[in-house]
Trainee: 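Below is a structure I'd like to ask you about.
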Amino acid sequence: MAGPTTLRTFLITDFGDSERWRPLACAVTAYDENDALELVRAVYPPDGDQPPRDSIEELTPEAIQNRIGHFDFGIPVVRGVWFPHLTNP
């Protein structure tokens with residue numbers, strides 16, 4: 001039986017040359033890089049382009065906040081997109 005899966009935090013900074021609105025950066029808590037991309041695709045449906053792998057960095061939530069500023073963040077300890085904060089409570 002496999003052990004518990006650890007959540008990790010990622011910063012995605014390049015969404016390609018899409019005409020559709022996309023954030024300048026997106027912070028995600030996910031199991032791995034592939035899971036992070038799937039979560040982003042669910043929120044920002046693809047129109048032919050995908051964030052390149054070299055635009056995904058695994059960083060701590062604190063390092064992400066230092067890179068992009070202290071905005072209205074969601075909750076970085078549960079699986080999902082937490083910046084931009086998609087749903088205000």
Side-chain angles (χ1 to χ4, degrees):
M1 177 176 236
T5 303
T6 302
L7 289 171
R8 299 156 43 193
T9 51
F10 298 91
L11 179 65
I12 301 172
T13 54
D14 182 2
F15 285 87
D17 295 327
S18 173
E19 292 184 18
R20 168 184 241 135
W21 179 85
R22 304 281 176 110
L24 296 177
C26 189
V28 182
T29 300
Y31 299 123
D32 56 31
E33 287 182 6
N34 289 330
D35 188 40
L37 286 172
E38 288 301 318
L39 289 167
V40 169
R41 282 188 206 114
V43 174
Y44 303 104
D47 54 355
D49 58 335
Q50 299 292 341
R53 282 237 178 251
D54 61 356
S55 72
I56 302 171
E57 296 178 75
E58 183 176 356
L59 300 168
T60 64
E62 294 81 15
I64 291 171
Q65 288 181 342
N66 287 335
R67 286 271 293 277
I68 60 178
H70 295 275
F71 297 104
D72 181 19
F73 291 105
I75 302 170
V77 295
V78 296
R79 185 176 169 268
V81 174
W82 53 276
F83 175 80
H85 192 178
L86 300 174
T87 56
N88 287 320

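FYI, the numbering just counts along the sequence from 1.
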Trainee: Mind checking what makes side chain to side chain contact (heavy atoms under 4.5 Å, CB included) contact with R67, not counting sequence neighbours?
Mentor: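 R67 satisfies side chain to side chain contact (heavy atoms under 4.5 Å, CB included) with L11, T13, E57, L59 only.
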Trainee: Tell me the closest heavy-atom pair linking A30 and A36, and the distance in Å.
Mentor: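 So the two residues come closest at CB-N, 3.5 Å.
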Trainee: So, taking the atom named OG1 in T29 and the one named CG in L39, what distance separates them when rounded to the nearest 0.5 Å?
Mentor: 9.0 Å
Trainee: Just wondering, do C26 and F10 contact through their side chains at under 4.5 Å, heavy atoms?
Mentor: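 Side-chain contact under 4.5 Å: no.
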Trainee: Could you state the interatomic distance from CZ (R79) to OG1 (T9), rounded to the nearest 0.5 Å?
Mentor: 14.5 Å
Trainee: Please walk me through it: do I68 and I64 pass side-chain contact (heavy atoms from CB on, under 4.5 Å)?
Mentor: CA-CA 6 Å; I68 60 178; I64 291 171; 3.8 Å; yes
